[in-house]
S.K.: 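Quick one: the structure is below, and I'll ask about it shortly.
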Amino acid sequence: MPKPPAPYAPGTEIYLPEFPYLLPARCHPRTDSIRAESDAWTRESMGFALDGEREMALLMEETASLWTCYVLPTARHERLRLLCKYTEYLSVFDNAMVDRRRIGKDPQAAKELFGRVMNILNDQADAADFAWGRALQGLWKEMRADASDALWGRFMTEVQRFLSGCVSEITSRSEDQVFDYDTYIKVRRDSVGMGMYFVLGEYGLGIDLSEDLERHPELRGIIDTALVHIMLTNDLFSFRAEAEMDDYVNALSVLRISEGLGLQAAVDRLFAVIDGLRSDFMAARSAIEAGPLGSRAEIRAYLDALWHMMAGNLQWSYLTSRYNGPGHTWNGARSGVLKLYPDRTEFTGRAYWTLGAGAGAGAGAGAGAGAERGSRPADSASAAELPVRA
């Protein structure tokens, strides 16, 4: 299959709307010490998967542990310490999965590696004979010691879903495929990995909602709403970096390439869905809190945690060099015109009416951004066009 066309041209400008209600996000009060410990563990344990100090420095700049402190700010300190290290592991793993020189080069080899990882999760193998296993086994043993059988079983199921989604992504990249939107949503729900973190959110709080999740579909529904919100928010911010890696497992790339939308039109449609999910979440939370289920302290704590996951993921997306390029320092602009370059995203803070008027406007217009400056901002009618809600 021929390589898909580039989804944007250098200098393209797009308008990023402001996300209502979600910011500023909460961060764990002991973030600095937790991150220092996590960084030291990552340097000691994950060097095998990186090409020297330069790659390690770039990884440290991405601040995956900070994401965890924003996403789980109410977790117990001793458990959040483990979860930050686990996120750093997954960050390196995800990089290697996308990299066509590493895990991403061979779907069958990836499937075999993932099988070995699952054996560790099931306590069926010694991890000493391969590096990915050695780094992970210690974390999982500590986490398992504090988790109920039911919670750990659900976590295991989510890890399996994640790895299965990863295989689907690797296969699509190896064949230069671009998913249609419905297929993308199905695959990405698994490979985004947030299912693991919704279980780990319970672990971090020291609660186990396994029985409640079986009995209450409204609880399962609000979790799915939060998952898709986080997944699509990530796609808005990670689009540029993923496009530079020829990675088209991204909702904007899917809309841009498979449906022929201009980039700003795709942003508008996707943002409408994201904000619709935020509104759905708020309504679902109010409904749960108004009923008998919401009278329980652990349910209210978990609903708070889900909100913090959505808000914290958004906050980190503005901050991280993983999405915005090495050396990135966020200027505090929550909305406005973004300028996309191969090595960076620039937050200009400029108003919507200036779209396409800055330097690089010609490249932007050619890619379908500046040429759409007259398109209307996203509204609820746009959201209805993309059926992603559970």
Side-chain angles (χ1 to χ4, degrees), residues 7-8 12 14-28 31 35 58-73 84 87-88 90-91 94-95 98 188-189 191-194 197-198 201 225-245 247 249-253 263 266-268 270-278 281 305-341 343-349 378 388:
Y8 84 97
T12 291
I14 59 172
Y15 183 80
L16 179 71
E18 184 160 0
F19 294 76
Y21 295 94
L22 285 159
L23 297 180
R26 183 176 180 179
C27 201
H28 195 277
T31 291
R35 286 192 60 207
L58 290 172
L59 177 72
M60 293 290 97
E61 188 184 0
E62 292 178 2
T63 64
S65 58
L66 179 62
W67 178 86
T68 318
C69 291
Y70 267 120
V71 167
L72 298 171
C84 281
T87 305
E88 289 286 1
L90 289 178
S91 181
D94 187 66
N95 288 346
V98 175
R188 193 61 179 144
R189 263 193 169 101
S191 66
V192 72
M194 277 309 300
Y197 279 89
F198 292 123
T225 298
L227 185 152
V228 181
H229 183 282
I230 290 168
M231 178 179 83
L232 296 182
T233 298
N234 286 354
D235 281 358
L236 277 179
F237 286 88
S238 66
F239 164 77
R240 179 206 60 82
E242 291 172 355
E244 287 307 313
M245 295 185 288
D247 180 3
V249 187
N250 179 290
L252 284 182
S253 288
L263 185 52
V267 169
D268 288 348
L270 196 61
F271 182 83
V273 175
I274 293 168
D275 194 49
L277 290 161
R278 188 269 309 162
F281 179 93
L306 292 176
W307 179 262
H308 291 314
M309 288 184 191
M310 293 162 59
N313 178 70
L314 173 62
Q315 179 82 41
W316 181 81
S317 296
Y318 287 102
L319 295 169
T320 182
S321 64
R322 183 178 183 86
Y323 297 162
N324 301 307
H328 170 74
T329 300
W330 183 42
N331 61 11
R334 296 178 180 177
S335 64
V337 173
L338 304 184
K339 299 183 74 171
L340 308 181
Y341 295 97
D343 62 339
R344 69 194 187 280
T345 300
E346 291 184 3
F347 290 73
T348 73
V388 301

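All values derive from a computational prediction rather than experimental measurement.
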S.K.: Does any part of the side chain of Met310, heavy atoms only, come nearer than 4.5 Å to the side chain of Ile230, both counted from C-beta?
M.R.: yes

S.K.: With a 4.5 Å heavy-atom cut-off, do Leu263 and Phe239 have their side chains touching?
M.R.: yes

S.K.: Look up atom CH2 in Trp67 and atom CE in Met309, then write down how far apart they are to the nearest 0.5 Å.
M.R.: 7.5 Å

S.K.: Please enumerate all residues that pass ring pair (Phe, Tyr, Trp, His ring centres under 6.0 Å) together with Tyr70, with sequence neighbours excluded.
M.R.: none

S.K.: Look at the side chain of Ser238 and the backbone N and O of Asn234, then say whether any donor-acceptor pair between them is shorter than 3.5 Å.
M.R.: yes

S.K.: According to side chain to side chain contact (heavy atoms under 4.5 Å, CB included), who are the partners of Arg26, at least two apart in sequence or on a separate chain?
M.R.: Pro73, Thr74, His308

S.K.: Suppose we screen for salt bridge (charged side-chain N to carboxylate O under 4.0 Å, His left out). Which residues come up paired with Arg322, at least two apart in sequence or across chains?
M.R.: Glu62, Asp94

S.K.: In the structure I gave you, are the side-chain heavy atoms of Glu244 and Tyr8 within less than 4.5 Å of one another anywhere?
M.R.: yes

S.K.: Nearest 0.5 Å please: distance from the CG atom of Asn250 over to the CZ atom of Arg240.
M.R.: 12.0 Å

S.K.: For Tyr21 and Trp307, what are the C-alpha separation, side-chain angles and deciding distance, and is it a side-chain contact (heavy atoms from CB on, under 4.5 Å)?
M.R.: CA-CA 10 Å; Tyr21 295 94; Trp307 179 262; 4.0 Å; yes

S.K.: For Glu346, check side chain to side chain contact (heavy atoms under 4.5 Å, CB included) against everything at least two apart and list the hits.
M.R.: Lys339, Tyr341, Arg344

S.K.: Quick one: OG1 on Thr348 to CG on Asn331, what's the gap to the nearest 0.5 Å?
M.R.: 8.5 Å

S.K.: Kindly indicate whether the side chain of Thr63, heavy atoms from C-beta on, has any atom under 4.5 Å from the side chain of Arg35.
M.R.: yes

S.K.: Using ring centroids (six-membered ring only for Trp), state whether His229 and Phe19 fall under 6.0 Å.
M.R.: no

S.K.: Under a 4.5 Å cut-off applied to non-hydrogen side-chain atoms, are Ser321 and Met60 in contact?
M.R.: no

S.K.: With the side chain counted from C-beta on, respond yes when Tyr323 and Thr345 share a heavy-atom pair under 4.5 Å apart, and no when they do not.
M.R.: no

S.K.: For Asp343 and Pro326, indicate whether the former's side chain and the latter's backbone hold a donor-acceptor pair under 3.5 Å.
M.R.: no

S.K.: Are side-chain heavy atoms of His28 and Leu72 found at a separation under 4.5 Å?
M.R.: no

S.K.: Counting N and O atoms only, with roles assigned by atom type, does the side chain of Glu18 sit under 3.5 Å from a partner on the main chain of Arg334, one being a donor and the other an acceptor?
M.R.: no

S.K.: Does the plane of the ring in Phe347 sit parallel, tilted or perpendicular to the ring in Phe237? Use 30° and 60° as the thresholds.
M.R.: parallel

S.K.: If you measure from CH2 on Trp330 to OG on Ser317, what distance do you get to the nearest 0.5 Å?
M.R.: 10.5 Å

S.K.: Taking only residues two or more places apart in sequence, or in another chain, which ones meet Thr87 in a side-chain hydrogen bond (donor to acceptor under 3.5 Å, both in side chains)?
M.R.: Thr68, Tyr197

S.K.: Hey, are the side chains of Leu66 and Leu319 touching, using non-hydrogen atoms and a 4.5 Å cut-off?
M.R.: yes

S.K.: Supply the atom-to-atom distance Leu338 CG to Leu16 CG, rounded to the nearest 0.5 angstrom.
M.R.: 5.0 Å

S.K.: For Ala251, which residues count as a side chain to side chain contact (heavy atoms under 4.5 Å, CB included) partner, sequence neighbours excluded?
M.R.: Tyr181, Tyr184, Leu232, Asp235, Leu270

